[in-house]
Amino acid sequence: MTDARPLRLRFAPSPTGYLHVGGARTALFNWLLARRTGGQFLLRIEDTDKARSTDDSTRAIFEGLTWLGLDWDEEVVFQGANLERHRADAAKMLAAGAVYRCFCTTDELAARRAEAELRKEAFKYDRRCDRLPPAEVERRVAAGEPFVLRFRVPAGETTWHDLVHGQISFPNKDIEDFVILRSDATPIYNHAVVSDDIAMAVTLVMRGDDHISNTPKQILLYEALGAPLPQFAHLPMIHGTDGKKLSKRHGATAVGDYQHLGILPQAMVNFLALLGWSPGGEFEEVMTLDQLIHAFSEDGLLRKASVFDPKKLEWMNGQHLSQLPIAELEPRVTPALVAAGYTTAEHLATHHDWYRTLLDLLRVRSRLIDDIVRQAGPYFVDAITYDPEAVAKQWKEPAVVLPLLTATRETLAALPEWTPPVMEEALRHLAEAKGVGGGKIFQPLRVALTGLTVSPGIFDVMVLLGRERTLARIASAEDHLETLASA
RNA sequence: GGCCCCAUCGUCUAUCGGUUAGGACGGCACCCUUUCAAGGUGCAGAGACGGGUUCGAUUCCCGUUGGGGCUACCA
């Protein structure tokens, strides 16, 4: 932005559902640009559709943005609160002659539209009410006949330089005289948006490209209101894996869904940032919010719609999971561990170093926070359960495994020091003495200790468990194997 | 139907007229290795089609095709 004035951007969702990933991406780009340029990022809730707007949705939007780390400047604007100004602006345009009263009812309009469709013609309002003699208009208004306000689209062409698309223009003849104020004197979308954007002094309108065809109407409104035009930037859509517009059919589409799936907000933001935008040239894909702010520029905005790939999101999350400072990861995992019933926040607080070591070992093997929780069981529960598959694979021959486990336990019990190098040396000697490979010792031992075939390195597991629990678990496994052998 | 937008590997993308069209996810193989990950290496994989412009087009222009959006007294 070479413009000297600070950018004022806004995100203006309608509270008719959760915060969609597409909306989140739009919010993110606006926020990134505001933060990058030292401008403002404003939030406006477009709640003028009373039938569909809910407080729950409004709350979901706040929560979603907050979770992502996107903070907004100034007070949140609720569009519904600006009704008086919307009316005043409409009145201003009526007085200036840019707008006229239309007495056609919705039923009449619907009938004419249907008729046009029957003749395979494009329906466009025929402006008949604009041709009404002033005296008749006065008479009908006085008689209390309901009317809407329609914008008289002038002849010509409406053009703007879109920050992502370059020049876009619409012949005005293709734009019909659209309604700006309903018969109940409430504003229609395009009017409310323009009135509010002017009032909020928005200088750059960045939104989804599904709004491209609204733009010429809005530009006409700015001109009729005598307000300076903002810049426009239309972002490409985000589609589902099937190439269609992202919807509920594609599974999770709300940012809240991903939060509950165990996605980190920094990963979500990172992933979303790379959908429809690229720093250009060679670049490292895994970035922190801060790096994104510095790298972001409207120059890198892309035109093509992109497909939301959950697989790449998961990979991205895995990257952030292992790169995040452990102190930042902790508070995101703790609630999940507690919710799983494994432990309490207090216990984790009193075993802080141990907890951090555990997290460090598990996060390498995880893509989602849930993956960490899934692997954490053996380090918290008293009695582990043996996974049938693990037993079938590693304890297939109890007669062979049992004596090895016993020897392992005895070896470990005699260790002067409970550290990985000492354990490893002792156990490898044992394997050699028994004439078997290390795996014959380590694998059955892993099942004895965790009940599973997969875990962090076996020596790390033993350190985590501690000597006592390790030895007790091996003893339990020996018992189990004995009953297995005698059965 | 009308208007508008878009078009590089399956997906996200680099390329700003000249490249063996590069990287990432996913897939496959191998290495590392006590398992699983992580990591490393390698393989397969793309300019929708047709015309121009140009010495030379993925790149610029036009058309075709395909996809998307809008077409309400919704937002």
Side-chain angles (χ1 to χ4, degrees), chain A residues 12-16 46-49 51-53 79 102 104-106 109-110 113 116-117 120-124 146-150 162 164-165 168-171 173-176 178-184 186-190 192-193 208-216 234 236-237 239 241 243-245 271 274-286 302-309 311-316 318-319 322 361-367 371 375 390 393-394 424 427-428 431 437-443 445-447 450 452-459:
Chain A
S14 46
T16 54
E46 308 216 319
D47 55 353
T48 49
D49 184 349
R52 295 196 298 158
S53 300
Q79 190 160 66
C102 172
C104 299
T105 66
T106 45
L109 257 14
R113 196 170 284 121
E117 196 163 326
K120 290 188 191 301
E121 280 171 21
F123 176 78
K124 205 178 122 192
F147 60 85
V148 300
L149 254 30
R150 273 186 195 275
D162 196 277
V164 354
H165 293 275
I168 299 181
S169 53
F170 285 75
K173 66 172 174 52
D174 293 327
I175 307 170
E176 77 169 348
F178 54 97
V179 175
I180 64 158
L181 206 68
R182 297 186 184 87
S183 49
D184 66 356
T186 57
I188 285 296
Y189 174 72
N190 284 125
V193 165
D209 67 17
D210 48 340
H211 286 286
I212 286 180
S213 46
N214 282 140
T215 307
H234 288 94
M237 304 273 86
H239 288 165
T241 323
K244 300 239 165 69
K245 191 173 178 178
F271 175 73
L274 262 12
L275 246 35
W277 171 76
S278 165
E282 304 261 309
F283 65 94
E284 178 55 55
E285 293 196 47
V286 181
L302 273 5
R303 286 180 291 254
K304 197 183 73 163
S306 52
V307 173
F308 188 93
D309 179 6
K311 276 279 192 299
K312 186 155 185 178
L313 206 213
E314 285 190 14
W315 166 79
M316 186 70 84
Q319 295 295 309
S322 45
L361 290 170
L362 298 187
R363 65 169 169 175
V364 189
R365 271 154 267 267
S366 305
R367 293 202 148 188
D371 293 335
Q375 301 175 74
K393 192 171 179 195
Q394 303 300 346
E424 177 156 16
L427 257 26
R428 289 211 187 267
K440 288 282 185 245
I441 301 273
F442 303 139
Q443 287 305 91
L445 177 57
R446 191 185 314 281
V447 179
T450 66
L452 307 166
T453 53
V454 309
S455 81
I458 197 67
F459 309 115

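- The side-chain heavy atoms of L302(A) and S278(A), taken from C-beta on, include a pair separated by under 4.5 Å.
- If you check every strand for non-hydrogen atoms under 4.0 Å, I458(A) touches a base.
- Side chain R365(A) to base rC36(B): a donor-acceptor pair is found below 3.5 Å.
- A distance of about 26 Å separates the P atoms of rG51(B) and rC5(B), rounded to the whole Å.
- Residue contacts shown for F459(A) include a base, since a base heavy atom lies under 4.0 Å away.
- Among rA37(B), rG22(B), rU13(B), the nucleotide with an atom closest to any side-chain atom of F283(A) is rU13(B).
- Judged by distance alone, with hydrogens and angles left aside, the side-chain atoms of S14(A) form no donor-acceptor pair with the main-chain N or O of T16(A) at under 3.5 Å.
- Heavy atoms of P456(A) sit under 4.0 angstrom from at least one base atom.
- Smallest separation of non-hydrogen atoms from P456(A) and R446(A): O-NH1, 3.0 Å.
- Under the salt bridge (Lys or Arg N to Asp or Glu O under 4.0 Å) criterion, E117(A) pairs with no residue, sequence neighbours left out.
- Side-chain contact between I188(A) and R182(A) is present, with at least one heavy-atom pair separated by less than 4.5 Å.
- R363(A) has its CZ atom 17 Å from the C1' atom of rC36(B), to the nearest Å.
- In this structure, L445(A) atom CG and rU35(B) atom P are separated by 14 Å, rounded to whole Å.
- Residue E284(A) is out of contact with every strand shown, counting any heavy-atom pair closer than 4.0 Å.
- In terms of heavy-atom proximity, V286(A) sits nearest to M316(A) at CG2-SD, 4.2 Å.
- Using a 4.0 Å heavy-atom cutoff across all strands shown, G281(A) reaches sugar-phosphate atoms only and no base atom.
- Checking rC3(B), rA7(B), rC4(B) against every side-chain atom of R303(A), the shortest atom distance belongs to rA7(B).
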Working note: F442(A) + F459(A), criterion side chain to side chain contact (heavy atoms under 4.5 Å, CB included); need CA distance, chi angles, decisive distance, verdict.
CA-CA 9 Å; F442(A) 303 139; F459(A) 309 115; 3.5 Å; yes
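- We find that CE of M316(A) is positioned 13 Å from P of rA24(B), with the value rounded to whole Å.
- One P atom belongs to rA24(B), the other to rU33(B), and the distance between them is 24 Å to the nearest Å.
- Distance noted for atom C1' between rG10(B) and rG45(B): 9 Å (whole Å).
- Spacing between rC61(B) and rG40(B) at atom C1', rounded to whole Å, works out to 47 Å.
- Taking every side-chain heavy atom of K312(A) into account, rA24(B) is the closest of rG2(B), rC36(B), rA24(B).
- Look at R367(A) and you'll find a side-chain N or O under 4.0 angstrom from OP1 or OP2 of rA38(B).
- Residue-level contact check: L302(A) touches the backbone only, with heavy atoms under 4.0 Å from sugar-phosphate atoms and none from bases.
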Base contacts versus sugar-phosphate-only contacts with protein, heavy atoms under 4.0 Å: please encode nucleotides 67-75 of chain B as B, S and - from 5' to 3'.
-SSS-SBBB
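- Of the candidates rC36(B), rA37(B), rU11(B), rC36(B) carries the atom nearest the V454(A) side chain, counting heavy atoms from C-beta on.
- Residues D371(A) and R365(A) are not in side-chain contact: their nearest non-hydrogen atoms beyond the backbone lie 4.5 Å or more apart.
- G457(A) comes within 4.0 angstrom of a base, heavy atoms only.
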